[in-house]
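Report on the following structure.
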Amino acid sequence: MDIPSRYEPAKAEDKWYSYWMRHGFFRSVPDEREPYTIVIPPPNVTGVLHMGHMLNNTIQDVLIRRARMQGRNACWVPGTDHASIATEARVVSMLKSRGIEKKDLSREEFLEHAWEWTHKHGGIILEQLKKLGASCDWERTLFTMDAERYESVIRVFVDLYNKGLVYRGVRMVNWDPQAQTAVSDEEVYFTEEDSLLYYVKYKIVGWNDYVTVATTRPETILGDTAVCANPADERYRHLRGRKVIVPMVNREVPFIFDDYVDMEFGTGCLKITPAHDINDYEIGLRHGLQSIDIFNDDGTLNQNAELFVGADRFAARDLAEAELKKGNSLVRVLPYKNKIGRSERTHAVIEPRLSTQWFLKMKDISRPALDAVTGGDIQLYPSKFKNLYRHWMENVHDWCISRQLWWGHRIPAWYFNDGEFVVAPSEEEALEMAREKSGNRNLTAQDLRQDEDVLDTWFSSWLWPITSFDGINQPDNPDLKYYYPTNDLITAPEILFFWVARMIIAGFEYQGEKPFHNVYLTGLVRDQQRRKMSKSLGNSPEPLDLIAKFGADGVRVGMLLCSPAGNDLLYDDSLPEQGRNFANKIWNAFRLVKSWTVGADEAQPASSALAVKWMREAIGQGIAQIDSDFRRFRISEALMTVYKLFWDDFSGWYLEIVKPEYGKPVDRASYDASISFFDTLLRLIHPFMPFISEEIWQLLDERKDGESIMVSRMPEPGKFSRELISGFETVKETVTAIRSLRKERNIPSGEKIMLFARPAGTFAGEEFFPVIIRLCNLADLAKVDSRQEDAVSFMVGTTEFYVPLGGKIDIEGEIARIREDLRYHRGFLESVMKKLNNERFVQNAPSPVLDLERKKKSDAEQKIKSLEERLRGLGDQGESLVTK
RNA sequence: GGGCGAUUAGCUCAGUUGGUUCAGAGCAUAUGCCUUACAAGCAUAGGGUCGGGGGUUCGACUCCCUCAUCGCCCA
């Protein structure tokens, strides 16, 4: 058979992915089997695959493929997220590049563009996932804004409103006066900028005295409604209960005290403008202050300001400075550096502004979600996130669910008359309710005005595990009953609160049941300098290029190898390279086995029979280890177990023992065992490396169309012999020692040598002597009961081995080596004796620990005795008499 | 400012309730090998006072205190 010595992934990958699709292996419908369900964390609909997705989806695919092979009905639901902020921003900039401004479009026109964009770019990312090997049930592909999901979100909003959990409230938002929209906290960046600190005098009412306040924004003095000091500040204690006069507008405002004020900063005296600063706003709430909003949407001053109406906020600052100077209120102006928030989109300075928003009350609704995690009903991996979760849930704030955007689920509230509103699932129902509420039967749809805002993206994705099975619209449908709760959720810790916690809340609120059993939190993919991978830094490799270069299997292995849960993954090309090398290793092991011809009359060598006997146990141990790794979600360790089992044990040891001499046939028993081991190992490998395992599995034996490793059974853990495995470990040690000895003494591997073993007690690897003979090219291995002359020796356990070398021994070197050994063992014995001579240790230590120490003592004494004997034999009298 | 977490080999990480010769793995490194499965390989070897200091204990990588450094979340 002519098989290339290098595995070529490209052809195999496309071939097998379409084979799997053709046979519907990814499809899941409810049946009598136990379900295993994962819902995908929906990527942004117009996004492209990045390294984070690669990691995340590889893990999901590993879990889903393993569950499928364990005989469960595995269902992985794919889908995409409308991602209102990101998508709308992208559409806006796309339109801009065509010379179209959003503000010149109607809402309907804009949405048309947005949908067009979505249809054009939507789903690219899902196609990319197929290249990775993702075994999603593509017939179930969803979108957070498709008809069913849209309807679900609206229903939930209305329901929560009717339950009194949704309310309207005032909140400070980041206003971008240039784009004239609110932006989210994530879209604000801070820069340190040079500015000025103005010291301004406020007259005290009734006294001929002033207080001085330091501010960076004198124009907002026009909106001041208090002046505040720290209650512990002696300097202002006398002002308790007084009022002061705001300069320029001559408004009387109270002098108040609040712990928030930093006594060290400026004069220790702070002016309070609740409408234009988040901290002032909160102080205002605490003290019942009035808010005066002095800005228009575009950042110019409005009528409330009384002065400088129509001036831009920065022009107003200069005007205010002049006006204060004129009124003799300005004490001084100092240069000052402060942090300025700017809009990521327009770079305009953010103006904090009060606005009316929709909120969801979180306290009561989130209690079951808190208990589910703290009580262990839902497990987080790694568990260190549990504390974080609890802390957040215990201090949960109400959720602001409205966004000043067009792309998303439009808030189903309709306003009428002046300031009245109703919340309803449709305009018709809203109209009916409005008529009833107002008592005016003549209201028409024209009198209603729907809220302009949309809902926060997370307000749709928090329902994802439910809406994936249409559980809001059809609460008792068979899919939902079968698949919900889902099993595992794989996502990034950065959205533990935004998404995971809220899904748990929604799960209890709408299903009375958690949405998943386990949450596995992956790390962030970073580059070698620990920088987050991002498009703007240009430090993120193109995933599809990587797949082309290293193969999907190689990339998957690369992502998994160094990504223990919750740890950041420092990406480097050497990772997928290691994965590719592993694929190549598997490929070549296959080439070897496939090249063998079976000799009908060939007898099985003793060494081969022993290798088969050991390999069976080693695989048994591997399976058990992998099983336990998966149960604890140690996915990268499970992979490492498979990796070492295949590379070291199977390829490095087993095949080296069993493989026949070149051109000679192999015996039937060894051949069959090898094929069977290979088959088992491929199944263990399949979840991690679906393509190469399928490719080889198909070639390993005669297969019919429709057969596939992906629907074969995963080997199940059973009993295995630890004694046998540890016996073989001593064989490995012995073989390594002989190889090392050959290397040190320049004995070519082709030259046959003799080996004597002199066990004190039993040598654990004794039954494997034929294996040692085979691997070390020995003339023979014989047991002796006395020391051998003219031989170099080494010890494995308590057994002494001798390689006779005639007169060629370097006695000096040998003595030095043995002395070194002796020193180590004497030191070790000493430390053991220290414990055993300590009465308190003997009294307090549990008996297994004590027994162990005694065994260590006798083993050490045994070794020391043989070493001393050996030294004497070499004629080294002096040192050997020095015993401690 | 409040909270959570981390610090173990050159790098990335394991180390389960304190007790095996327990200080480990993979990668990287060094040396020698193109030995007819694989140089994308094989063989062998060298790397660490477990962040610093103190304490509890017969015994500490593991528990407690403290300091230092770093990361994340919230404000």
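Convention: sequence-line order gives letters A, B, ...; per-chain numbering from 1.
- In the set B:A45, B:G3, B:C27, the nucleotide with an atom closest to the side chain of A:Thr736 is B:A45.
- Taking each heavy atom of A:Asn584 and A:Tyr7 in turn, the nearest pair found is OD1-N, 3.1 Å.
- For A:Arg634, the side-chain atoms get nearest to B:G15 when compared with the rest of B:G15, B:A40, B:U44.
- Between B:C74 and B:A40, the distance separating the two P atoms is 47 Å to the nearest Å.
- OP1 or OP2 of B:C33 has not a single side-chain nitrogen or oxygen of A:Lys743 nearer than 4.0 Å.
- An OP1 or OP2 oxygen of B:A40 is reached within less than 4.0 angstrom by a side-chain nitrogen or oxygen of A:Arg6.
- Toward the 5' end of RNA chain B, the nearer of the two residues A:Tyr643 and A:Asn387, judged by each one's closest nucleotide, is A:Asn387.
- For the C1' atoms, the distance from B:A43 to B:C38 is 15 Å, rounded to whole Å.
- Comparing the P positions of B:U17 and B:C72 gives a spacing of 28 Å, expressed to the nearest Å.
- Across the C1' atoms, B:G1 and B:U20 are found 49 Å apart, a figure rounded to whole Å.
- Two residues, A:Ala860 and A:His391, neighbour RNA chain B, and the one matched to the more 5' nucleotide by heavy-atom proximity is A:His391.
- Between the side chain of A:Arg739 and the base of B:A43, no donor-acceptor pair of N or O atoms lies under 3.5 Å.
- The structure places CD1 of A:Ile635 at 13.0 Å from CD1 of A:Ile626, a figure rounded to the nearest 0.5 Å.
- Of the candidate nucleotides B:A25, B:G5, B:C58, B:A25 has the atom nearest to the side chain of A:Met640.
- We find that CZ of A:Phe794 is positioned 15 Å from C1' of B:U44, with the value rounded to whole Å.
- Between A:Phe677 and A:Tyr654, the ring-plane angle classifies as perpendicular under the 30° and 60° cut-offs.
- The side chain of A:Leu592 approaches B:A37 more closely than any other nucleotide in the set B:C4, B:A37, B:A40.
- Here, B:U16 and B:C61 have their P atoms 12 Å apart, quoted to the whole Å.
- Contact of A:Glu656 with B:A37 (side chain to base): a donor-acceptor pair of N or O atoms is detected under 3.5 Å.
- A donor-acceptor contact closer than 3.5 angstrom links the side chains of A:Asp629 and A:Thr641.
- When the C1' atom is used for both B:U8 and B:G3, the distance is 26 Å, rounded to whole Å.
- Syn is the glycosidic conformation of B:G47, whose angle stays within 90° of 0.
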Legend entry - From CA spacing to verdict: ring pair (Phe, Tyr, Trp, His ring centres under 6.0 Å), A:Tyr381, A:Tyr520: CA-CA 5 Å; A:Tyr381 295 91; A:Tyr520 178 95; 7.4 Å; no

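- One cannot find a donor-acceptor pair under 3.5 Å joining the base of B:U20 and the side-chain atoms of A:Lys855.
- When rounded to the nearest whole Å, the span between CG of A:Asn395 and C1' of B:A75 equals 11 Å.
- Between A:Glu744 atom CD and B:U31 atom P there is a gap of 17 Å when expressed in whole angstrom units.
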All N/O donor-acceptor pairs, side-chain side in residues 388-395 of chain A, below 3.5 Å, sequence neighbours left out:
from: A:Tyr389; atom 1: OH; to: A:Ala369; atom 2: O; distance (Å): 2.9
from: A:Asn395; atom 1: ND2; to: A:His391; atom 2: O; distance (Å): 2.7

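- In this model, the phosphate group of B:A75 is not approached by any side-chain N or O of A:Asn279 to a distance below 4.0 Å at OP1 or OP2.
- In this structure, of B:G41, B:A45, B:G3, it is B:G41 that holds the atom nearest to the side chain of A:Lys585.
- Contact check, A:Arg591 against B:A37: no side-chain N or O comes under 4.0 Å of OP1 or OP2.
- Using a 4.0 Å heavy-atom distance criterion, A:Trp596 is classed as making no nucleic acid contact.
- Using the six-membered ring where Trp is involved, A:Phe582 and A:Tyr643 have ring planes that are tilted, between 30° and 60° apart.
- OP1 and OP2 of B:A37 both lie 4.0 Å or more from every side-chain N or O belonging to A:Ser651.
- Comparing the C1' positions of B:A68 and B:A28 gives an interatomic distance of 30 Å, to the nearest angstrom.
- By the 4.0 Å N-to-carboxylate-O rule, A:Glu861 lies close enough to A:Lys857 to be salt-bridged with it.
- Residues A:Val842 and A:Leu836 share a closest heavy-atom pair of CG2-O, 3.3 Å.
- Here B:C42 is the nucleotide among B:A25, B:C42, B:A37 with the atom lying nearest to any side-chain atom of A:Trp647.
- Residue A:Leu836 contributes atom CG, which lies 13 Å from atom C1' of B:G19 at whole-angstrom precision.
- Rounded to whole angstrom, the span from the CG atom of A:Leu380 across to the P atom of B:G5 amounts to 13 Å.
- The side chain of A:Phe498 sits closest to B:C74 out of B:C74, B:U36, B:G26.
- A:Lys855 and A:Asp859 are joined by a salt bridge, as a carboxylate oxygen and a charged side-chain nitrogen come within less than 4.0 angstrom of each other.
- Put simply, CH2 on A:Trp392 is 10 Å from P on B:A75, counting in whole angstrom units.
- Here B:A25 presents its P atom at 15 Å from CD of A:Gln625, a figure rounded to the nearest Å.
- Among the atoms of the strands shown, base atoms are found under 4.0 Å from some heavy atom of A:Arg632.
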Inset, instruction - With pairs defined as Watson-Crick or G-U wobble and both distances under 3.5 angstrom, please note down RNA chain B as a dot-bracket string, | for pairing with another strand. - result: (((((((..((((.....[....)))).(((((.......))))).....(((((..]....)))))))))))).

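- Nucleotide B:C27 holds its P atom 11 Å from the CZ atom of A:Phe582, rounded to whole Å.
- When the C1' atom is compared between B:G24 and B:C50, the two are found 12 Å apart, to the nearest whole Å.
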